[in-house]
Trainee: 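My structure is below; once you've seen it, I'll send some questions.
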Amino acid sequence: MWHLSALPVVIPFLVAPVLVSVGTVVPRWCEDATAVVVALSAVTICLLLAVHAASEPFAYWMGGWRPEHGVAIGIAFSIDPLGAGIAAFAGVMVLAALAYSLRYFDAVGGLFHGLMLLFLAGMVGFCLTGDLFDLVVFFELMSTVAYALTAYRIEERAPIQGAINFAITNSIGGYAMFIAVAMLYARTDELNMAQIGAVLDGHPADALVIVAMVLLLLGFLTKAAAVPLHFWLADAHAVAPVPVCVLFSGVMVELGIYAVARVYWVMFAGAMAPHTDPLRAILVALGATTAVLGAVMCVLQRHIKRLLAFSTIGHVGMFVCGVGLLGAKALAGVAVFIVGHGLTKAALFMICGILLHRFRTVDEYDLHGRGREVPVAGALFVVGGILLAAPPPFTEFQGKALIEGSASDVGYGWLLVVFAIVSALTAGAVLRVAGRVFYGWGPREGPDPRQARAAQERVDETREDRGRTPPLMLIVPGVLLATGVVGGLVPGAVAWVARSAARFADHPAYAQWVLHAHSVHWPPAPPMHVETIDVIIGMLTLVAAFGVAAAGLFGRPLLRRLPRRVRAGGRGAVVGLRGLHSGHIGDYIAWWTTGAGLLGGACLLALR
Amino acid sequence: MTALQAVALLLVVAAGTAIVFISDPLRQTLVLSIFGLTLTLLFFVLQAPDVALSQLVVGSVGMPVIILAALRKIAQHASARERHEEDGE
Amino acid sequence: MAFAPFAAAAWLFVIGLYGVVSSQNLVRTVLSLTVVQSSTYLVLLGVGYRHAAKAPIVADIPTTSRLVDPVTQVLVLTDVVIEATVIALLLALVVQAHKRFGTVDPAKLRALRD
Amino acid sequence: MSRRGRLLLFGCAGSGLLAVLVIGLHGLPPFGDFHGAYGLLVDRLEPGRRHATDIVTALNFDLRAFDTLGEEFILFASVTGVALLLRHLRDEEDEPPRRSVDDHRFAGASDALRLLSLILIPLLVSLGVYLALHGALTPGGGFQAGVVLAAGPLAILLAGRYLALKRVAPHWAVEALDGIGALAYAAIGLGGLIFASAYLENFLPLGTSGHLLSGGMMPLNSIAVGLEVTGAFLLTWTEFLDQDLLVARGEL
């Protein structure tokens, strides 16, 4: 088992250059098959590692450079069940994206497949590594691949702009992380995260540690798209090709959240112990703002991919809240929620791909009623919308209920309401799209001129005749949704995640097994009792989601009855909110700086 | 801090700041290569010869070639576009 | 004086961001990004430096002599490579942007206004 | 947001961030007083363990070789990305029209410049090879060598012979170089897994300290990186310059 540890990263590394080099010569099916086999092997190995690590987590020292005199001098993969599990999930997403693009995507030589495999390697390495600088390296690998893939359709204008905004914002986040690495190295003489944590433990956090933590969080939260670092996300997700969106929304963004949890629990949990309350307040506030802004923007969209992108921001906000609660139970909830959300969101993007394939546009109004031609896709879209509302007893509900339970334990019961609103709004927006596009409900309206222009520029992403939808394009999202429905119901699955999360969050034990290979005494899994109130609220959220959808479809006459002043105010707020998302990189970085300054200032003031 | 280090650091700060405040991209590229050289000097006096060498090859060969090629291409697109518009009239 | 390299780094980080924010030409945006990145070199190497120490090459000197920290230098090496890759990708994007939009002024790229 | 509004916002936010950074960085040990147990330990261990004399290279290609692996693949991904982004589109002509050699002359290249470039080429190549091979001994290593080596063919281009460049360094060969270098680095690591106990573990004899082939697998790793970087930079440059020609043709 030990010997397999490096392979889920190394196998894609070995195959990607070959695919890129011979891509123009070998037939397409060859590339497809190779890429699928590689992804499959990575998933298998990660699952094996996760299962093994569940009984005994271990550190794998690259080059055999084990710690000398208790000082880590090499780079380790620290393999714990949660990290390996998330890595496996990333692999599953890559596999799904590859399977979906088999019949759909016009790949350029072997470049697409090669980049997808590098993306896989980047994500898996990011999940497994236990070294701070290595974490940054894999972060950059993931990012570099992602920038290129975003602009895959170079013949269109929007992807170029989206990729530029994405690349600049994320690079700046990366630079902040480099400075954080230098600061932590200067303080602790170490780069291994477990060791950094051990050194930081005994001392109260001073300005250096706080600022280093803030800079690291800035990097990860830029990737995770927390407000106000989030502007790139909608741009990039709206324009990237569908299989790439699947990876972005399904797992890449969530890895930012994962990394926040990782660095907090491994490095800062000890030093921050006296300040958990203010830190929790800061992170929850950040998460709640993100969630609400994402949900509101989501409802305002008519470009379906952009709508889904904002819904991801809404969910990211909930994840940030979950991690920000700084408890093992909430962390377990986040992990479950991430998997459920990833599966659902990936499937929804794939159905968008079907629309794009068939009608060359994803403008909700332009597609009014045209979706009737693909009834199965419509049914799947509705299922996805319902799942997004996290109704009991499915996977997402289970995760959300854990977070909510944990929130009320530490006095953040009001998060329940925020979560319900955000879920209802995002799911409602998706259901509204489903009603309008696939069932032709609601009034008609002309196409959006800008999207119409984009549709003209659009060169087919596909090789297939657009008259019929390849069955695989329906099967893959179907399978993902089915997994999302069933996953949380498998007996013991959620309990396994909860146990893993408890281990992940056991700060002292982590240093023990990484640095000294000691077997440790494990904490008990957090109790996973689901309150009745959560079930009731969950059902109500679903009803509210249908309400939001109905209001979006038929509510315009009602809107006109509102007093003029209210309408004008509402319109002003909407225009202002939209105006923020200007697509201008200067604006985005000005906001990024604002976020950085505010987060830094808040932490410096509150955590000392 | 030795005098040489202080001078190198000052040069780096001056060149870096200059890049930001110059608006003509061509002149900016020139300053960028000077910036690369000042960084090389700084790395050298900070006893980091490996890094200095790396910065030298990237900053004075690798990057300027890419930037100049990109600028040339942008200029060409622009002139091609203008000509195209003139033809159109 | 002992804080000078770090102060310089903080300055370069923020002034580089200013370049990105105020830029009216994407090429200038990208070059400003290199200024932001150079701040990370300064912090890393500034941290690893030791007074009156030699470069970490033990060919001609006794192994007991005082050396500067080699680890931060390795990190900067990686940093330099990452800089080159990001700049190359971004410039490729800028070239394409000019082709599609006919301008490199970020205020005139209007494909993604919400 | 208007430009003024943007700058105003940044003015406030930027000074805030500057303050945060300065406050945080103030906690660093004063410049020059760093202790650095990790580095000291490596300084002490490395010459004895691996017979390398350049500690930075030892860290780069042995102790922290896994970072370098990631770094090489970042470079590889970036080059692949540039190739993807600057690819020729269907509406921009597929086949370059056949032209005589003269058409691809770099306009500004005088005979003197050509001569200079010709003299430069062997110098660059030998410097590159030296750097790649002596990585474990003196400053330099695969990365620096790669860029220098790539500059050789670039000099051919400056000497005004685009087609000659294509002949000396045909696209497929450069692409293969890039791929083979990246692949080789990952594969050498596999040797550690097979012949020793862990990925990237040294499995080669260490040689005598100060000799050319000392440092175990370091020279091999260095050469692999050198190949990849040569290929990567050449590809990136020609990718940028290639499109140049394409656009130039479009003008005519």
Side-chain angles (χ1 to χ4, degrees), chain A residues 133 136-137 140 143-144 147-148 150-151 154-165 167-168 170-172 174-179 181-183 185-186 189 191 234-235 238-239 297 300-301 303 306 450 453-454 457 577-590 592-593 596, chain C residues 6 9-10 13-14 16-24 26 29-30 32-33 36-48 69 71-72 74-76 78-79 81-83 85-90 92-102 105-114:
Chain A
F133 189 71
V136 179
V137 168
E140 294 286 345
S143 306
T144 308
Y147 308 152
T150 304
I154 52 169
E155 57 278 358
E156 295 168 40
R157 302 184 321 153
I160 305 293
Q161 193 183 351
I164 289 176
N165 291 352
I168 291 178
N170 270 263
S171 300
I172 291 174
Y175 303 152
M177 286 164 59
F178 271 101
I179 293 186
V181 171
M183 292 168 79
Y185 178 73
D189 294 354
L191 290 170
D235 289 0
V239 299
M297 285 303 291
L300 297 177
Q301 302 302 314
H303 182 294
R306 212 168 154 88
R450 205 173 53 221
R453 167 164 185 176
E457 286 175 347
L577 213 50
R578 281 179 183 275
L580 294 182
H581 298 79
S582 59
H584 190 302
I585 184 61
D587 288 354
Y588 290 6
I589 300 308
W592 190 93
T593 316
Chain C
F6 307 124
F13 194 95
V14 175
L17 285 183
Y18 169 78
V20 175
V21 171
S22 67
S23 168
Q24 288 167 308
L26 282 173
T29 310
V30 174
S32 300
L33 213 54
V36 181
Q37 177 145 34
S38 64
S39 73
T40 65
Y41 306 156
L42 291 195
V43 182
L44 279 166
L45 287 181
V47 161
D69 190 68
V71 179
T72 53
V74 175
L75 307 191
V76 181
T78 304
D79 205 356
V81 178
I82 290 174
E83 179 198 8
T85 61
V86 169
I87 300 307
L89 264 180
L90 269 170
L93 284 169
V94 171
V95 166
Q96 284 294 356
H98 190 269
K99 212 177 206 170
R100 302 293 155 211
F101 291 90
D105 183 350
K108 291 184 183 145
L109 308 187
R110 297 195 168 191
L112 288 173
R113 231 148 224 265
D114 201 279

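Convention: sequence-line order gives letters A, B, ...; per-chain numbering from 1.
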Trainee: At a heavy-atom separation under 4.5 Å, does C:L75 approach chain A through its side chain, its backbone, both, or neither?
Mentor: both

Trainee: Which region of C:L44, side chain (C-beta onward) or backbone (N, CA, C, O), has a non-hydrogen atom less than 4.5 Å from a non-hydrogen atom of chain A, or is it both or neither?
Mentor: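 Looking at C:L44, backbone and side chain both touch chain A.
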
Trainee: Of all the heavy-atom pairs spanning C:R100 and A:R157, show the shortest one and how long it is.
Mentor: O-CD, 3.6 Å

Trainee: Using a cut-off of under 4.5 Å for heavy-atom pairs, which of A:I172, A:V181, A:L577, A:D235 has the most such pairs with chain C?
Mentor: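 Between A:I172, A:V181, A:L577, A:D235, the count favours A:D235.
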
Trainee: If the condition is side chain to side chain donor-acceptor pair (under 3.5 Å), which residues does A:E140 pass it with, not counting sequence neighbours?
Mentor: none

Trainee: Report the distance from atom OG of A:S171 to atom CD1 of C:I87, rounding to the nearest 0.5 Å.
Mentor: 7.5 Å

Trainee: From C:L17 CG over to A:I589 CD1, what is the distance, rounded to the nearest 0.5 angstrom?
Mentor: 7.0 Å

Trainee: Between A:N165, A:V137, A:I164, A:D587, which residue shows the highest count of heavy-atom pairs closer than 4.5 Å to chain C?
Mentor: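 Most heavy-atom pairs within the cutoff with chain C belong to A:I164.
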
Trainee: Heavy-atom pairs under 4.5 Å with chain C: which of A:A234, A:G579, A:G586, A:A151 has the most?
Mentor: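 Most heavy-atom pairs under 4.5 Å with chain C: A:G586.
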
Trainee: Does C:L33 reach the side chain of A:Y175, with side-chain heavy atoms less than 4.5 Å apart?
Mentor: yes

Trainee: Within this structure, what is the CD1-OG distance for the pair A:I168 and C:S23, rounded to the nearest 0.5 Å?
Mentor: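 These two atoms lie 8.5 Å from each other.
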
Trainee: Give, as side chain, backbone, both or neither, the part of A:L191 having an atom under 4.5 angstrom from any heavy atom of chain C.
Mentor: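 The answer is the side chain of A:L191.
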
Trainee: Pick from A:S582, A:G583, A:A186, A:A596: which one has the most heavy-atom pairs with chain C under 4.5 Å?
Mentor: A:S582

Trainee: Counting only heavy atoms closer than 4.5 Å, note whether C:F13 contacts chain A via side chain, backbone, both or neither.
Mentor: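 Contact with chain A involves the side chain of C:F13 alone.
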
Trainee: Quick one: are A:D189 and C:V71 in side-chain contact, heavy atoms under 4.5 Å?
Mentor: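 With C-beta onward as the side chain, the pair stays apart.
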
Trainee: Who passes side chain to side chain donor-acceptor pair (under 3.5 Å) against C:T85, sequence neighbours left out?
Mentor: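 Partners of C:T85 under the side chain to side chain donor-acceptor pair (under 3.5 Å) test: none.
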
Trainee: Heavy-atom cut-off 4.5 Å, strictly under: side chain, backbone, both or neither for A:T593 against chain C?
Mentor: side chain

Trainee: Provide the closest heavy-atom pair for C:Q96 versus A:I154 in the form atom of the first, atom of the second, distance.
Mentor: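 Minimum heavy-atom contact is NE2-CD1, 3.6 Å.
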
Trainee: Compare every heavy atom of C:L109 with every heavy atom of A:Q161, then report the nearest pair and how far apart it is.
Mentor: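 Heavy atoms only, the tightest pair is NE2-O, 3.2 Å.
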
Trainee: Let me confirm one number: the CD1-NE2 distance from A:I160 to C:H98, rounded to the nearest 0.5 Å.
Mentor: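 It is 13.5 Å, given to the nearest 0.5 Å.
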
Trainee: Heavy-atom pairs under 4.5 Å with chain A: which of C:V20, C:T29, C:V94, C:T40 has the most?
Mentor: C:T40

Trainee: Do the side chains of C:I82 and A:F178 get nearer than 4.5 Å, heavy atoms only?
Mentor: yes

Trainee: Can you give me the closest heavy-atom contact between A:A182 and C:V47, atom names plus distance?
Mentor: O-CG2, 4.1 Å

Trainee: Which bit of C:L42 is near chain A, if near means a heavy-atom gap under 4.5 Å: side chain, backbone, both or neither?
Mentor: neither

Trainee: Taking side chain as C-beta onward, heavy atoms only, is A:F133 less than 4.5 Å from C:D79?
Mentor: no

